[in-house]
Amino acid sequence: MNKRPLFGLAGVIVTALASELNDQVGSIALPDIQGGLGLSHDPATWFTSLYISGACFGMAISPWWSVTVSFRRFIFFVIGLMSVTTPLVPFAPNLTILYGLRLLQGISGGFVIPMLMSVALRVLPPAIRLYGLIAYALTATFFPNLSAPIAALWTDLVGWRFVFFQVIPLGTLAAVLCWYGMPKDPPQYARLKKIDWRGMLLAAIGTGALTTMLLQGDRYDWWNSSLICVLALVAAVALPLLMINEWFHEVPLFKLQLLSRRNLAYGGITLFCFILIGSSSSTLPFTYLQEVQQFRPEQLFYLSAIIAALQLIFLPTVARILDFAWVDARVLNFIGFSFILAACIGDSLLTSAWNASQFVLWQVCQAAGDALVVMPLLMMATNSIQPAEGPFGSALFNTPRGVAEAVGPWLLQLMTRWRGSLHSDRITDQMGQDRFRLIQAQVVDPRYPAAMLPDGIPRSVGAVSALSTAVKTQTQVMVLSDTFVVMAGIVVFLMIILLILPQRTYPPRITLASK
């Protein structure tokens, strides 16, 4: 076996790492970035929204262009685009340039994730292909949990600008590895005569409108905003037209006919939902610890580091188990969903007294479940496509992942809006009905006595403000608890789909031998 292409694959993995860190570390360190760039809340929401919109579009067109210009040329373009735009973000002189750089950053990040899957299928022989898919699994499990320690390093110990400067050493290393190891395939410029320009235009318009609507809708008050209504209409028109165009185009971005293969369809549905429930292992606990317990990223280090380290153990272990022909990937998937379901139910017992240590057990369950879901999922999806169909399968498999990056925050905003209003009203109403608790409450900390005196006057200067903060804190805890229950419901839905849709599959080496 020629080991040189493995260096090229390593270069793509490093590029994917840089891409994920741009996204995840940027989200975790956003308060520090806002302060450093002088951004208020509203402009900062576009900072996140534009990245996800660009990434979703990049995932859609990446496989087509990587085949057309060759993997080697395209990965160097991606590394260059990422390495040039990212370090310039802290020096943007105005919002227009800042948003443009952030959009290009997102597009470059979207380019690299499908490439990782395509290159792994291209350079790895069937005997070790299953282990090579661990590299792709890392982007969905390991890299997001690695982001919190990295964010803590830059924001609390070094400087917020290094959130963007980190791409320089990573991009340099990736370029060297790809230069040495990436195969020198000839470009297929003849495909340019059949370029799917309508599909690319519709993908840019449709995904951009959809992701922007989801991420900005709550801030603009949804259907009370003409902007959100227009974006919804554009997405409702552009996305069906995109599907029609792809079905009939000679060289499409997505080969929708491949969805007739049950395992690939299952892979797309499950990966979409897996990205959503992935927030239960990172976003939700970190949100609670940061906003309720006032943790800084540095204090979240050990929790996320534990989960990231466990993935380096669980993923190879699951890959080794799947390499046995008698192991049914569907059974491992079901066990993985059971672990994630247990983690979501356990986390739903959240109270305002929880600290980081209360999350550890459930985070370990989530980490085990993630590995048991994503590795069998990748094996089932990739075994259902031929090598020549790899780019089409990669586009179908990864584009829903990009959309899920926007649906996840929308779901959290929706839960906060609906359930938050409900819980806040109920708590306030209960205080009004049992108002004597405000003057006779048995408090946990004697330094903070009941808020009101018997005559209704605040007991101290900040008593009413402290009471309001306590109500908001309890409301947020209850919303997060409800969100974990919703995540558990999504897991149950996936378990039902698992019982119906996928078919039995075998390790790549056995599948190839049988053919």
Side-chain angles (χ1 to χ4, degrees), residues 130 133-134 136-142 144-145 262-285 307 310-311 313-324 326-350 359-384 397 400-401 403-405 407-408 411-412 415 481-507:
L130 186 58
L133 290 175
I134 293 174
Y136 182 88
L138 291 173
T139 66
T141 57
F142 175 73
N145 287 297
R262 292 167 57 180
N263 283 5
L264 185 61
Y266 170 74
I269 295 171
T270 305
L271 183 64
F272 175 85
C273 295
F274 179 79
I275 297 299
L276 296 184
I277 62 179
S279 64
S280 64
S281 67
S282 55
T283 304
L284 298 182
I307 308 306
L310 286 175
Q311 292 301 329
I313 300 173
F314 289 150
L315 289 174
T317 301
V318 175
R320 182 71 185 99
I321 295 172
L322 285 170
D323 209 25
F324 294 103
W326 53 269
V327 174
D328 192 335
R330 296 172 298 179
V331 174
L332 290 187
N333 246 184
F334 191 87
I335 296 173
F337 286 137
S338 300
F339 272 109
I340 297 175
L341 181 61
C344 291
I345 293 174
D347 283 330
S348 70
L349 304 176
L350 176 72
F359 285 103
V360 171
L361 173 61
W362 307 120
Q363 293 292 85
V364 172
C365 287
Q366 179 89 34
D370 287 350
L372 286 165
V373 168
V374 74
M375 286 305 300
L377 176 66
L378 289 173
M379 189 179 82
M380 286 188 282
T382 56
N383 277 8
S384 62
F397 193 73
R401 172 179 175 172
V403 175
E405 296 283 352
V407 175
L411 180 61
L412 298 183
M415 291 294 298
S481 177
D482 291 345
T483 306
F484 280 117
V485 175
V486 172
M487 296 297 174
I490 297 174
V491 176
V492 172
F493 166 76
L494 289 176
M495 296 172 83
I496 295 172
I497 295 295
L498 175 63
L499 297 176
I500 299 173
L501 191 57
Q503 297 173 311
R504 177 71 187 271
T505 189
Y506 295 91

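Predicted model only: the values in this text are computed from it and were never measured. When a residue number appears, it is its place in the shown sequence, counting from 1. Below, all heavy atoms of this structure are taken into account, side chains as well, without hydrogens, waters or symmetry copies.
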Do [X] and [Y] have side chains that approach each other closer than 4.5 Å (heavy atoms only, starting at C-beta)?
X: S348; Y: W362; value: no
X: L315; Y: V374; value: yes
X: D482; Y: V486; value: no
X: L372; Y: F314; value: no
X: F493; Y: I497; value: yes
X: M380; Y: N333; value: yes
X: D347; Y: L284; value: no
X: L494; Y: L276; value: no

message: Tell me whether Q311 contacts the main-chain N or O of A367 through its side chain, where contact means a donor paired with an acceptor under 3.5 Å.
response: yes

field: Under 3.5 Å: donor-acceptor pair, side chain of R262, backbone of I500
entry: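 Checking the backbone N and O of I500 against the side chain of R262, a donor-acceptor pair under 3.5 Å is found.
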
Derivation and outcome, side-chain contact (heavy atoms from CB on, under 4.5 Å), residues D323 and R320: CA-CA 5 Å; D323 209 25; R320 182 71 185 99; 3.8 Å; yes

message: Could you walk me through whether M487 and L411 satisfy the side-chain contact (heavy atoms from CB on, under 4.5 Å) test, starting with their C-alpha distance in whole Å, then the side-chain angles of each, then the deciding distance to 0.1 Å, before giving a yes or no?
response: CA-CA 10 Å; M487 296 297 174; L411 180 61; 4.2 Å; yes

- request: Could you pull out the closest heavy-atom pair between L377 and G267, with the gap in Å?
  value: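 So the two residues come closest at CD1-CA, 3.3 Å.
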
- prompt: If you look at every heavy atom in P400 and G268, which pair is closest and at what distance?
  reply: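 Of all heavy-atom pairs spanning P400 and G268, the closest is CB-O, 4.1 Å.
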
query: Would L349 and F484 count as a side-chain contact (heavy atoms from CB on, under 4.5 Å) if you check the C-alpha gap in whole Å, the side-chain angles of each, and the deciding distance to 0.1 Å?
result: CA-CA 9 Å; L349 304 176; F484 280 117; over 6 Å; no

message: Within the supplied structure, the quantity of interest is the number of heavy atoms (other residues, nucleotides, ligands) at a distance under 6.0 Å from F272 CZ; does it exceed 12?
response: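 Count over threshold, so yes.
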
message: Please determine whether side-chain contact (heavy atoms from CB on, under 4.5 Å) holds for the pair D370 and F274, giving the CA-CA distance in whole Å, both sets of side-chain angles, and the decisive distance to 0.1 Å.
response: CA-CA 8 Å; D370 287 350; F274 179 79; 3.5 Å; yes

